[in-house]
Amino acid sequence: MAERIAIVGVGQTHHKSKRPDVTTAEMIAESVERCLEDAGLQMKDVDHLVGGSFEVADGYHCPDKWIIPELGAVGKAGLELQNVGTTGGVLAVASFNIAATGLFDTVLCYSWQKMDEAAGAFGRGGGGANEYWTGQFPMSPITNFARRTYAYMDRSGCTEEHIAMVRVKQDQCALKNPYAQLRLGLTVEQVMSDVLLAWPIRRLHMCPTTAGAAAFIVCPEERAKKVTDKPVWVEDWFTCHQGGALTMAEDPTSSTLRHACEVVYKRQNIKNPVKEIQAWEVYEPASPAELRWMEEVGICEDYTAWKLFEQDKVGIDKEVPFNPSGGVTATNPIGATPVVRLVEAALQVRGDAGEHQIPGKIERALATGYGGQGENVIMLLRKTL
Amino acid sequence: MTAEQKKEEQPEFIQFRYPREVPYEHALGYQSKFANALKQGRIIATKCPVCGRCTIPPRIVCPFHHVKQTEWVDQGQRGRLISAFKINFPMFNSRTGELQNWENPIIAVELEGGARMDGWCAETDPSKLKTGMLLEAVWRPEEERQGRADDILHWKPVEE
């Protein structure tokens, strides 16, 4: 029988486009120290570490060999994992699994990306579905979302102005989040006249390149209750990769998010997600992705999410509090991005998100990680058991 | 040492540059039959005996049904447009460093045989591309083909 588990501490860096003042390990240490302080713990209390980044975009191999010593954690159990965009998600899921065995008391998950050191590697997004075939096309996150958005607009009636509204909403949220990287004060007109990368995707629609790190600590129930009086329970989690195989050939607008949510909702008996989940931190690598993801998580019917923006219903203190942190188009340290989602969702459940806190009680929050051609990791948090 | 302390002691931060060139040779395995057909100007796909889906690139088992796909189906030379996008800047293959074809829109085509595949479109004005339009493969001269995606130079719109 698995242990019930809870997040007892979270931490992240102030995300920037460049951090020449620190090494990768020093940057990770900033988030880890904040996380330990948040939990009221010290490194000597941690008995298992799980860490990772999108290695190709860092240029390091097996970095935990030198990062764990620099975190002052030599001799502790540790794993390193990577899975491109969903890296932070698989790190979180591995940490949850380890804590749920009850074999370890205090599991520290650390994640990072320092894209100022090798941002060029970000363009290498083509493999995904099939290394031989899709790798031959000029594919990247930009072109992936150009294709998705072309098909979405073709089917839904959504216009360029609507996707600009999405970007402005994301920016308005980011302006209230001191950890966010891009806090720009955008208007719809500014977004619509920005540099076109691949129609209909403009530069401002894509997630930025970020240097940043994020960490959390997860414990089994008994230990969690001793560490904190505000545990955030991890109710359920699920990974669904294979986005290229499952969806791109069948429907270019879809990811695996719908299927992954259906699995988790069924297990937790969630019938009406928009009522039963009060906070959302869903990994949107491009602003128009937010529209399709809102439909896939069950907030609205297929091809209608853009109408919610037209009716001004999406925002921190509005009907649909989607991505109150500003999301991934504001901040994207790739390997850490899903952990940033989880950290932000946990803060919402605790009521500690500050200026971007969603008003009212947050009983449940859903965080996700996204990668490649439609891969998803679901992390469902809860205030009470 | 915190970042703030370090800043005071070291006014100029140094970044080292590590240029790398790492050649790879990946086996194509079961996909070799497909690559060889491309060299002959033919498009073939594996077919699942359970669901009947034809897949490109071919797979030894159906991704959905975990059964071996032994049947190969000729997909013809024509198909219909499913989706398209056009990049507004030159883009390099980040593994090989070669400049890729970015001037022609990149499209997904549903072939006569039922499989779907990626390609480039001969029509460079994306506003003239309509979902469902009929397209025909235009091949590179036979002696230049290498079993690659760009053995098909582009897909040309066909009047109906």
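Just so you know, these numbers come straight off a predicted model, no measurement behind them. Note on naming: letters A, B, ... go to the chains in the order of the sequence lines (proteins, then strands), and numbering restarts at 1 for each one.
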Colleague: B:F89 pairs by side-chain contact (heavy atoms from CB on, under 4.5 Å) with which of A:L196, A:I142, A:V195?
Modeller: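 Answer to the side-chain contact (heavy atoms from CB on, under 4.5 Å) test with B:F89 among A:L196, A:I142, A:V195: A:I142.
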Colleague: Answer whether the closest heavy-atom distance between the side chains of A:T143 and B:I87 falls below 4.5 Å.
Modeller: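 A:T143 vs B:I87: side chains touch.
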Colleague: Tell me whether B:K47 at atom NZ has more than 12 heavy atoms from other residues, nucleotides or ligands lying less than 6.0 Å away.
Modeller: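 Counting neighbours around NZ of B:K47, 12 or fewer heavy atoms of other residues, nucleotides or ligands fall under 6.0 Å, so no.
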Colleague: Between B:A35 and chain A, with a heavy-atom cut-off of 4.5 Å, which part of the residue counts as in contact: side chain, backbone, both or neither?
Modeller: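 When you check distances to chain A, atoms from both the backbone and side chain of B:A35 fall under 4.5 Å.
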Colleague: Could you tell me whether A:E161 atom CD has more than 12 heavy atoms of other residues or ligands within 6.0 Å of it?
Modeller: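 Atom CD in A:E161 is not packed in, count stays at 12 or less.
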Colleague: side-chain contact (heavy atoms from CB on, under 4.5 Å) for B:F85 and A:R147? Distances and angles first, verdict last.
Modeller: CA-CA 5 Å; B:F85 61 85; A:R147 173 181 285 190; 3.5 Å; yes
Colleague: Counting neighbours of CD on B:E143 that are heavy atoms of other residues, nucleotides or ligands and sit closer than 6.0 Å, is the number greater than 12?
Modeller: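 Atom CD in B:E143 is packed in, count exceeds 12.
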Colleague: If you count every heavy atom of other residues, nucleotides or ligands that lies below 6.0 Å from B:E144 atom CD, does the total exceed 12?
Modeller: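 Yes, the 6.0 Å shell around CD holds more than 12 heavy atoms from other groups.
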Colleague: A:Y150 and B:L129: which non-hydrogen atoms are nearest, and at how many Å?
Modeller: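 Minimum heavy-atom separation between A:Y150 and B:L129: OH-O, 3.6 Å.
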Colleague: How many angstroms lie between atom CZ of A:F137 and atom CG of B:D118, to the nearest 0.5 angstrom?
Modeller: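 Atom-to-atom, A:F137:CZ and B:D118:CG are 5.0 Å apart.
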Colleague: What is the minimum heavy-atom distance between A:Q136 and B:Q100, and which atoms define it?
Modeller: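 Minimum heavy-atom separation between A:Q136 and B:Q100: O-NE2, 3.1 Å.
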Colleague: Which value, rounded to the nearest 0.5 Å, describes the distance between A:R203 atom CZ and B:N88 atom CG?
Modeller: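 The CZ atom of A:R203 sits 13.0 Å away from the CG atom of B:N88.
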Colleague: When only pairs under 4.5 Å are counted, which of B:A84, B:A115, B:A108 shares the most heavy-atom pairs with chain A?
Modeller: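 Most pairs with chain A among the choices: B:A84.
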